[in-house]
Amino acid sequence: MKERLPHKGVKTATMINTTGAFVTLGAGLALESVKTQLIAMTPLLIALPAMNAMASDYATIITAHIADPEAGHDSRRKLALALLTTLPISIIGVFFISTFISTVRGDEFNQDLTLRYAGFISAALISVVLVVFIGTLIAHHILKKKQLNLEDFMITGNNIIATVIMLGWFTAAAWVIF
Amino acid sequence: MQSENDKENIEKQTLESLSSQVTEQEEAISEVSSIPIAATDIDTVPLTTLERFGAQWRVWYDDKRRLHDVGRKEIMLGQLFTLVVVGAGSVLLEDNKNALLIVGTALLVYPVLAALMTSAAASLSTSVHHEIDFFISRKHQVLALLKGFRNALVVSVSSSIAIGIVAALIGVLVLDTGFLLTLQLAVLATILTSLIGFPFIIAATLFIRTLKSNPDDVTAPLESTVFSILTLLAIIYVSRFLQ
């Protein structure tokens with residue numbers, strides 16, 4: 001029977017949730033500052049909830065697998081391979097659906113804009129997955145030594161990190177890339 | 001002291017589970033092969049019985065392994081689900097953006113509340129999936145689920161009060177909106193989203209386990225997608241209610 005680390009309770013979870021929420025609020029303010037440009041660019045507006053949800057998905061999947069006390073000894077290698085397979089599909093999917101809906105709504109895409117947009121989606125999703133994966137491995141190593149359960153801290157923490165990175169990319173995209 | 005009691009309880013439940021499994025196996029062996037239970041020399045046990053015993057163990061092992069393995073197909077399906085639902089939701093967002101302008105801080109609180117609800121739901125789902133295997137009786141499993149729901153609700157509502165206060169202050173200072181309006185929006189939207197979303201997530205986690213899939217791979221996109229849309233709809237509905 002693998003070791004089950006104790007959960008620390010409502011108080012700790014509330015504190016982590018609240019702190020993380022303030023950080024996200026800061027990222028939300030940055031997004032507010034580019035609201036006009038964002039609303040004017042239909043593909044970005046459509047991609048925003050999709051990529052935010054995906055960043056959160058990957059953060060949760062990575063944390064849940066690394067934190068699972070019943071996971072096998074080769075589960076991390078399998079997880080890395082699974083991410084390498086699914087990430088390109090996510091990138092292509094977001095690109096396709098946002099450009100399709102934009103085109104239906106009357107927007108036009110030239111080659112330069114298409115390449116920049118594709119590059120932005122790829123860079124944003126890949127950076128989120130890399131940061132979360134490496135960060136979680138390090139955090140798991142540290143928290144296990146202190147007998148703390150990763151689920152109490154890192155699921156929320158990684159979701160916040162993923163959201164902040166993604167909103168940061170969107171802010172940069174609205175200001176600089178497009 | 002509490003963790004020692006927890007450890008003792010876990011050991012007790014594990015022993016109970018193992019002993020009931022051994023009893024079942026002994027009954028199965030004695031029924032099929034008519035061998036005395038207390039066989040001490042393995043050479044006297046027929047090969048077919050050992051194979052059956054080995055196969056049974058293999059089935060139990062594979063079932064458990066499947067519940068905790070990495071599912072590439074499930075992750076991909078989850079991403080496709082996200083694309084379709086959020087794509088449709090984006091169209092809905094564009095069509096209803098006027099309702100979001102009723103309360104001036106709606107767009108400020110939305111990403112924060114969506115992240116909060118997704119995190120709370122993800123914690124709830126993983127703790128349900130990882131904890132339920134440690135309890136044997138149905139009563140203890142149901143109590144564990146109720147405790148998880150209660151904890152998730154308390155955490156999200158108390159966090160939303162803090163978020164609402166900060167967002168309200170920003171609204172008053174920067175965006176010239178009412179303090180109480182923003183606070184009410186944040187808290188009521190969170191309560192509404194929790195009461196609808198959390199039972200759905202618990203049910204989804206238990207259902208996915210019955211399909212012998214790992215909920216860790218499947219519920220993540222479900223949570224972020226569902227709570228992104230649900231939080232947005234809750235903010236729109238509460239904004240109209242507060243108007």
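Just so it is clear, the structure is predicted and the values come from calculations on it, not from any experiment. Just so you know, these numbers use all the heavy atoms, side chains as well, and skip hydrogens, waters and symmetry mates. Letters A, B, ... mirror the listed sequences (proteins, then strands); counts begin at 1.
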Can you tell me if A:Asn110 has over 12 outside heavy atoms packed within less than 6.0 Å of its CG?
yes

Between B:Met76 and A:Thr85, is any pair of side-chain heavy atoms under 4.5 Å apart?
yes

With rounding to the nearest 0.5 angstrom, report the NE2 to CG distance, A:His65 to B:Asn214.
5.0 Å

For A:Phe96, give me all partners under ring-ring contact (aromatic ring centres under 6.0 Å, His included), at least two apart in sequence or on another chain.
A:Phe100

Which of A:Thr60, A:Thr86, A:Leu83 touches chain B most, by non-hydrogen pairs under 4.5 Å
A:Thr86

Straight-line distance of B:Ile75 CD1 to A:Leu79 CG, nearest 0.5 Å:
6.5 Å

Check A:Thr24 against B:Pro111 and note the closest heavy-atom contact, atom names and distance.
CG2-O, 4.2 Å

At a heavy-atom separation under 4.5 Å, does B:Ile170 approach chain A through its side chain, its backbone, both, or neither?
side chain

Give the minimum heavy-atom separation between B:His130 and A:Ala64, together with the two atoms involved.
CE1-O, 4.0 Å

Hey, is CZ on B:Phe179 packed in by over 12 heavy atoms from elsewhere, all under 6.0 Å?
yes

Output for pair (B:Thr225 OG1, A:Asn52 CG), nearest 0.5 Å, gives 11.0 Å

What one should report as the nearest heavy-atom pair of A:Leu25 and B:Val112 is CD1-CG2, 3.2 Å

Any side-chain heavy atom of B:Gln79 sitting closer than 4.5 Å to one from A:Ile89?
no

Rounded to the nearest 0.5 Å, what's the gap from CG on B:Leu222 to CG on A:Asp57? Could you check?
9.5 Å

How close do A:Ala53 and B:Ser224 get, heavy atom to heavy atom, and via which atoms?
O-OG, 3.2 Å

